[in-house]
There are 2 protein chains.
Amino acid sequence: MKSTPPSSLSKDRLRLWLKLLKTSSAIEAELRRRLRDQFGSTLPRFDVMSALARSPEGLKMSEISTLLKVSNGNVTGIVERLVEDGHALRLAVPGDRRANRVKLTAAGSKAFAELAAEHEGWINEMLGEFGPEQIETLSDLLEAVLHPAEKDEKSGSAANAE
Amino acid sequence: MKSTPPSSLSKDRLRLWLKLLKTSSAIEAELRRRLRDQFGSTLPRFDVMSALARSPEGLKMSEISTLLKVSNGNVTGIVERLVEDGHALRLAVPGDRRANRVKLTAAGSKAFAELAAEHEGWINEMLGEFGPEQIETLSDLLEAVLHPAEKDEKSGSAANAE
DNA sequence: GGAATATATTTCAAGCTTAAAATTTTAGGT
DNA sequence: ACCTAAAATTTTAAGCTTGAAATATATTCC
């Protein structure tokens with residue numbers, strides 16, 4: 001039943017958003033479940049470890065929260081648990097006694113490497129249908145949502161990631 | 001030919017997922033912020049009210065949690081606050097003293113109608129660039145993520161290298 | 001130096017979320 | 001009736017998340 005009223009562009013956009021949310025949530029829920037069941041871990045922990053893994057010299061609390069776009073207080077708790085688990089440690093910052101530098105321990109690095117490999121496999125599995133062309137099409141459309149262009153722009157491709 | 005490594009389909013899928021998550025999270029965060037700042041409400045409350053608004057006769061707790069795909073205990077708390085606010089009320093289910101039927105109050109219906117109108121406007125604004133063709137393309141691609149058509153493994157193309 | 005301001009971080013209160021355990025009530029089987 | 005299993009819901013414990021208030025330290029400006 002195609003009961004779509006003619007001029008409901010607005011409703012169509014609303015439906016699109018709901019589908020986008022549903023898709024993202026479904027994948028996210030599956031990742032959380034697997035991290036939990038197979039590794040006793042969580043997505044927030046994974047995200048923090050991921051950020052730390054890219055900076056072997058460590059990151060300040062505020063750098064972590066900026067990178068992950070979450071609040072400072074949030075990071076405090078996650079790092080706290082990471083430290084308890086022996087996956088991270090806090091170092092003093094010479095010259096600034098307010099700040100901390102957080103760094104993965106050897107155990108943390110090792111654990112993250114395993115997690116990351118599995119994680120990539122899971123995503124690869126969940127998006128298994130997508131070939132290069134579809135990936136680019138979807139990526140470009142999402143980019144358009146994220147960064148609306150003011151005027152029509154004939155872009156070839158080549159937006160870069162961060 | 002950008003410097004994309006040859007066999008990184010797997011990495012490309014990973015990047016795609018990251019972008020999907022980023023896009024969805026950005027919109028969601030904006031919605032939460034506006035619900036909070038302009039209406040003193042939250043997305044979970046909005047979701048529950050939305051479900052209730054579609055069933056004027058009310059819904060059982062378990063029906064709400066099934067519809068929204070969240071846990072029972074979760075719904076308990078949200079409905080609790082909705083009732084405190086005078087937006088919902090609980091009715092007995094004749095013949096089953098275990099169950100509750102939750103229903104929007106008149107005030108709740110009115111409040112939701114306003115919220116819903118604003119909400120649609122926000123989405124329409126955030127997805128303002130998208131016309132019917134783009135909506136359909138994006139919708140179809142998301143559908144493919146959500147419900148992969150499992151065809152036989154036919155392609156021998158890309159076993160990925162790592 | 002000392003006051004005001006800015007920065008880095010934690011603490012707090014409130015709400016969301018889940019899985020698992022507990023409660024209450026209903027339904028079945030004997 | 002009695003016993004057991006199933007169903008609807010709440011409670012609990014733990015963790016995530018935020019914005020705002022609180023701490024502690026650093027910097028800037030007279």
Side-chain angles (χ1 to χ4, degrees), chain A residues 21 24-26 28-49 51 58-85 87-88 90-102, chain B residues 21 24-26 28-49 51 58-85 87-88 90-102:
Chain A
L21 178 59
S24 184
S25 299
E28 206 180 323
E30 183 63 24
L31 292 178
R32 285 181 196 276
R33 186 175 324 120
R34 295 188 186 191
L35 278 174
R36 178 180 191 281
D37 295 347
Q38 298 179 29
F39 296 93
S41 191
T42 68
L43 209 40
R45 273 207 250 277
F46 179 79
D47 290 340
V48 169
M49 291 179 86
L59 291 171
K60 290 195 301 176
M61 296 298 281
S62 52
E63 291 175 327
I64 299 174
S65 56
T66 299
L67 281 170
L68 303 184
K69 298 196 204 331
V70 298
S71 66
N72 284 339
N74 189 357
V75 175
T76 297
I78 297 170
V79 167
E80 201 168 277
R81 282 163 223 124
L82 242 24
V83 170
E84 278 171 12
D85 292 352
H87 287 328
R90 308 175 85 130
L91 304 169
V93 171
D96 191 340
R97 278 183 297 190
R98 295 168 304 181
N100 282 298
R101 205 152 44 83
V102 184
Chain B
L21 177 59
S24 185
S25 298
E28 205 179 324
E30 183 64 21
L31 291 178
R32 284 181 197 275
R33 197 165 58 71
R34 295 188 186 192
L35 278 174
R36 179 181 189 281
D37 295 347
Q38 298 179 30
F39 295 94
S41 192
T42 68
L43 209 40
R45 273 208 248 279
F46 179 79
D47 290 339
V48 170
M49 290 178 86
L59 292 170
K60 291 195 300 177
M61 295 299 281
S62 52
E63 292 175 325
I64 298 174
S65 56
T66 299
L67 281 170
L68 303 184
K69 299 195 204 327
V70 298
S71 65
N72 284 340
N74 190 356
V75 175
T76 298
I78 296 170
V79 167
E80 200 168 277
R81 282 161 222 124
L82 243 23
V83 170
E84 280 171 11
D85 292 353
H87 287 327
R90 308 177 84 130
L91 304 169
V93 171
D96 190 342
R97 278 184 297 191
R98 295 169 302 180
N100 283 296
R101 205 152 43 82
V102 184

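Just so it is clear: chains get the letters A, B, ... in the order the sequence lines come, proteins before strands, and each one is counted from 1. Just so it is clear, the structure is predicted and the values come from calculations on it, not from any experiment.
Following rounding to the nearest Å, L68(A) (CG) and dT17(D) (P) show an atom-to-atom distance of 9 Å. Spacing between atom CD of E63(A) and atom P of dA8(C) amounts to 9 Å, rounded to whole angstrom units. In this structure, E28(B) atom CD and dT18(D) atom P are separated by 11 Å, rounded to whole Å. Nucleotide dT10(C) holds its C1' atom 14 Å from the CD1 atom of I78(A), rounded to whole Å. Spacing between atom CD of E80(B) and atom C1' of dT17(C) amounts to 15 Å, rounded to whole angstrom units. The interatomic distance linking N72(A) (CG) with dT17(D) (P) rounds to 14 Å, in whole Å. What separates CZ of F39(A) from P of dG15(D) is a distance of 19 Å, to the nearest Å.
Here CE of M61(B) is found 6.5 Å from CG of N100(B). Values are rounded to the nearest 0.5 Å. Rounding to the nearest 0.5 Å gives a distance of 12.0 Å between NZ of K60(A) and CG of L67(A).
For dA8(C), one of the phosphate oxygens OP1 or OP2 lies less than 4.0 angstrom from a side-chain nitrogen or oxygen of K60(A). In this model, the phosphate group of dG15(D) is not approached by any side-chain N or O of T42(A) to a distance below 4.0 Å at OP1 or OP2.
Remark on DNA chain D: of its neighbouring residues N100(B) and R45(A), the 5'-side contact belongs to N100(B), judged by nearest-heavy-atom nucleotide. With DNA chain D read from its 5' end, the first of the two nearest nucleotides for G77(A) and G95(A) is the one closest to G77(A).
Using a 4.0 Å heavy-atom cutoff across all strands shown, V93(A) reaches no nucleic acid atom at all. At a threshold of 4.0 angstrom between heavy atoms, the contacts of L43(B) with the nucleic acid are absent. In this structure, V70(B) reaches the sugar-phosphate backbone alone: every heavy-atom distance under 4.0 Å involves primed, P, OP1 or OP2 atoms, never a base.
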Starting from the C-alpha separation in whole Å, work towards a yes-or-no answer on side-chain contact (heavy atoms from CB on, under 4.5 Å) for L35(B) and R45(B). CA-CA 10 Å; L35(B) 278 174; R45(B) 273 208 248 279; over 6 Å; no
With the criterion being N/O to N/O and under 3.5 Å, what pairs connect the protein with nucleotides 19-24 of chain C, and how long is each?
from    : atom 1 : to     : atom 2 : distance (Å)
dA19(C) : O3'    : R36(A) : NH2    : 3.4

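For R36(A), there are no side chain to side chain contact (heavy atoms under 4.5 Å, CB included) partners at least two apart in sequence or on another chain.
Between I64(A) and V102(A) the shortest side-chain heavy-atom distance falls below 4.5 Å. Proximity of R32(A) to P44(A): side-chain heavy atoms (C-beta onward) are separated by under 4.5 Å at one or more points.
Put simply, the side chain of S65(B) gets close to the backbone of S62(B): a donor and an acceptor are under 3.5 Å apart.
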